[in-house]
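Positions are given from 1, in the same order as the sequence printed here. What you see is a predicted model, and the numbers here were worked out from it, not measured in a lab. For ligands, and for the atoms within them, numbers begin at 1 and follow the listed sequence.
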Amino acid sequence: MPPYAIDKFIAEPKIAYFSMEIGLKNEIKTFSGGLGVLAGDTIKSATDLRLPMVAVSLLTKKGYFRQELDPSGRQRELPDDWDPSAYMTRLPEKVSVGIESREVQVAPWLYVVESATGGRLPVIFLDTDLPENTQEDRDITQHLYGGDLTYRLKQEIILGIGGTRMLEKLGFEIRKYHMNEGHSALLTLELLQRYKKDIEDVWDERLVWDADRVRKLCVFTTHTPVEAGHDKFTYALAEKLFTDADMVPMRVIMEFAGKSALNMTMLALNLSHYINGVAKKHGEVSQVMFPGYEIHAITNGVHSYTWTCDSFKRLYDKYLPGWANEPEIFVRVGRIPYEELWEAHMEAKRKLIDFVNGETESGMDYDTLTIGFARRATAYKRADLLLSDPDRLAKIGAGKIQIVYAGKAHPKDEAGKQLIQKIIELSAQLKGRVKIAFIQNYNMDTALKIISGVDVWLNTPLRPYEASGTSGMKATHNGVPNFSVLDGWWIEGHIENLTGWSIGPASDVPEDPARDADDLYNKLENIILPTFYDNRKGWVRIMESAISKNAYYFNTHRMMRLYVTEAYIR
Ligand SMILES: *Cc1c(COP(=O)(O)O)cnc(C)c1O
């Protein structure tokens with residue numbers, strides 16, 4: 001990586017994009033899953049489009065964790081260290097933030113995202129692992145989503161307050177602050193303090209806080225469709241940690257962040273002029289959850305170039321030149337000859353099957369319909385729905401279906417860990433009838449292999465918990481149709497028998513979990529298997545529509561253009 005001076009980036013005012021996690025590439029282990037990969041894709045599209053942006057995150061040097069399963073399917077979490085100096089440059093500047101009566105020093109690392117379009121976008125990773133800090137404070141930026149609530153709040157202080165100070169220290173002029181989820185919401189407090197009105201003899205102390213000015217500067221994207229998922233801290237903990245001399249008084253914080261607890265979502269909602277959910281349905285669900293706020297929706301996307309496998313890149317380069325920086329060109333995918341589309345898919349599939357057979361004992365083959373399911377192992381995603389009636393699955397699919405699974409459970413998510421164990425157990429039970437492989441340590445590299453190499457991408461969330469979902473969008477970039485519950489993005493992307501298939505009732509009909517499994521098995525048996533094996537032309541037509549109707553729209557280039565016109569220039 002060529003050394004960059006920061007001066008190159010501070011000439012024009014920027015939009016600052018704050019995210020607790022950012023997944024730019026597999027080796028930079030500052031991500032755990034969907035939220036981080038979305039942040040990385042956002043930044044990559046912003047770079048391609050040459051948007052004036054700077055991104056801020058934490059330098060989690062010990063990463064999230066590396067997953068290993070023992071023979072019983074029990075997840076073990078191993079350290080996932082990496083070396084920042086191999087990818088980025090330590091800058092000499094420092095800022096300090098008062099936490100628990102100590103002055104915690106924060107240093108920046110500069111990573112520069114480079115695009116073939118000539119775009120260059122700086123990403124600032126914040127690091128407290130400095131000799132002048134206590135061991136406890138050095139640890140703050142080490143583990144992504146590790147530790148307890150105290151640890152989490154310290155991280156959010158570093159991200160929100162430390163990050164805002166760092167941008168100023170480095171010389172950035174910021175014209176908009178975009179909070180990707182509530183983790184960075186403390187930045188609003190730093191801005192309240194910075195833009196405090198200098199009035200003498202005010203009769204009401206609240207008049208000095210220029211909330212309107214801060215609001216005008218802030219954009220908030222919420223990702224969590226359930227109240228329980230939002231970051232909350234007790235004010236007792238906040239009192240203990242917030243010792244910074246320039247922190248706004250607690251009574252002001254309570255006015256914006258909630259009376260009973262420091263609610264990061266409330267704080268962001270109260271101090272942003274533009275608020276959005278990450279899919280149309282999620283916008284509606286959020287609107288019901290937060291009456292009194294105007295909640296918009298900008299549906300997520302994925303970075304097309306990152307999430308297209310090599311064989312499809314070659315195919316698109318040949319027939320759809322310019323596609324990577326203008327995914328709308330996917331509208332012309334019908335120009336690609338049927339045989340070449342299928343062959344590009346088979347190349348990706350053979351690569352995946354070879355990989356799976358190298359990693360597991362499953363003995364998969366190239367010609368069997370292969371279903372993929374890979375994402376965070378957590379209860380609402382119901383990874384086991386497909387296996388919920390093993391005998392029925394075997395009856396429908398013996399010799400005709402093989403399944404590739406992957407996904408990490410958060411170290412504290414016991415239900416998620418049990419889900420993985422259950423899949424391992426059921427795989428053994430189905431041995432000889434349906435081949436099932438669990439690929440360990442799901443990450444960005446294995447994700448690309450799996451989403452591009454399977455024939456069908458399955459998703460079975462309990463509604464309305466899947467705010468958007470993005471792995472299905474990645475699949476569509478490789479001509480892989482989705483088979484999914486109508487939640488998140490799929491409500492918008494689904495056209496039955498054209499872009500894929502739904503599972504269960506329409507999105508406006510009450511949830512019926514029992515019916516979901518039945519519907520899944522029925523469609524598999526009566527529509528998906530017959531189309532795949534007996535109507536290959538029809539199948540390739542569906543692959544084509546997945547690209548021309550889904551990849552065409554569900555990409556971060558379209559998404560970023562919307563953020564610009566709907567949020568950033570308002
Ligand atoms: C895309 C991606 C996700 C998000 O997947 P969803 O199915 O949308 O939850 C999670 N982890 C990794 C490594 C990814 O690449």
Colleague: Where on V302 is there a heavy atom closer than 4.0 Å to ligand 1, on the side chain, on the backbone, on both, or on neither?
Modeller: neither
Colleague: Need the ligand 1 atom indices (1-based, order shown) with element for anything under 4.0 Å from a heavy-atom of W307.
Modeller: 15 (O)
Colleague: Taking atom types as modelled, find out whether D41 and T556 have a side-chain donor-acceptor pair closer than 3.5 angstrom.
Modeller: no
Colleague: Output, in order, the C-alpha distance, side-chain angles, deciding distance and verdict of ring-ring contact (aromatic ring centres under 6.0 Å, His included) for F330 and Y316.
Modeller: CA-CA 9 Å; F330 284 138; Y316 295 155; 4.9 Å; yes
Colleague: With heavy atoms only and a cut-off of under 4.0 Å, state how W457 meets ligand 1: side chain, backbone, both or neither.
Modeller: neither
Colleague: Could you give the distance from CG (D413) to CG (L419), rounded to the nearest 0.5 Å?
Modeller: 8.5 Å
Colleague: For atom 4 (C) of ligand 1, what's the nearest protein heavy-atom neighbour? Residue, atom name and distance, please.
Modeller: G34 CA, 3.5 Å
Colleague: Might you work through the ring-ring contact (aromatic ring centres under 6.0 Å, His included) test for F220 and H296, ending with a clear yes or no?
Modeller: CA-CA 10 Å; F220 172 47; H296 303 263; over 10 Å; no
Colleague: What protein heavy atom is closest to atom 8 (O) of ligand 1, reported as residue, atom name and distance in Å?
Modeller: T470 N, 2.6 Å
Colleague: Can you classify the ring geometry of H345 versus W342 as parallel (below 30°), tilted (30 to 60°) or perpendicular (above 60°)?
Modeller: tilted
Colleague: Compare K474, R375, K408 and give the one whose heavy atom is closest to atom 2 (C) of ligand 1.
Modeller: K474
Colleague: Less than 6.0 angstrom from the centroid, inside 45 degrees of the normal: does K313 satisfy that with respect to the ring of Y305?
Modeller: yes
Colleague: Can you list the ligand 1 atoms lying under 4.0 Å from a non-hydrogen atom of N443?
Modeller: 13 (C)
Colleague: If we check side-chain contact (heavy atoms from CB on, under 4.5 Å) with I43, which of these qualifies: L51, V54, V113?
Modeller: V113
Colleague: In the structure I gave you, are the side-chain heavy atoms of L58 and I140 within less than 4.5 Å of one another anywhere?
Modeller: no
Colleague: Would you mind running through ligand 1 and noting each atom that sits below 4.0 Å from a heavy atom of S471?
Modeller: 5 (O), 6 (P), 7 (O), 8 (O)
Colleague: Should the proximity of V37 to ligand 1, defined as any heavy atom under 4.0 Å, be assigned to the side chain, the backbone, both, or neither?
Modeller: side chain
Colleague: In terms of atom number and element, which parts of ligand 1 are under 4.0 angstrom from non-hydrogen atoms of G33?
Modeller: 10 (C), 11 (N)
Colleague: Quick check: does E466 get an N/O under 3.5 Å from an N/O on ligand 1?
Modeller: no
Colleague: With a 4.0 Å cut-off on heavy atoms, does M473 reach ligand 1?
Modeller: no
Colleague: Going by the order shown, which atoms of ligand 1 are within less than 4.0 Å of some heavy atom of A447?
Modeller: 15 (O)
Colleague: At what distance is the nearest protein heavy atom to atom 9 (O) of ligand 1, and which residue and atom is it?
Modeller: K381 NZ, 2.7 Å
Colleague: Please report which non-hydrogen protein atom sits nearest to atom 12 (C) of ligand 1, along with the residue it belongs to and the distance in Å to one decimal place.
Modeller: Y442 CE2, 3.6 Å
Colleague: Is it true that the NZ or CZ of K29 lies under 6.0 Å from the centre of W82's six-membered ring and within 45 degrees of the ring axis?
Modeller: no
Colleague: What class does the angle between the rings of Y405 and F438 fall in, given that below 30° is parallel, 30 to 60° is tilted and above 60° is perpendicular?
Modeller: parallel
Colleague: Would you say R376 touches ligand 1, if touching means a heavy atom closer than 4.0 Å?
Modeller: no
Colleague: Run the numbers for me: atoms of ligand 1, each under 4.0 Å from some heavy atom of G469, listed by number.
Modeller: 8 (O)
Colleague: Are R375 and Y442 in a cation-pi contact, defined as NZ or CZ under 6.0 Å from the six-membered ring centre and within 45° of the axis?
Modeller: no
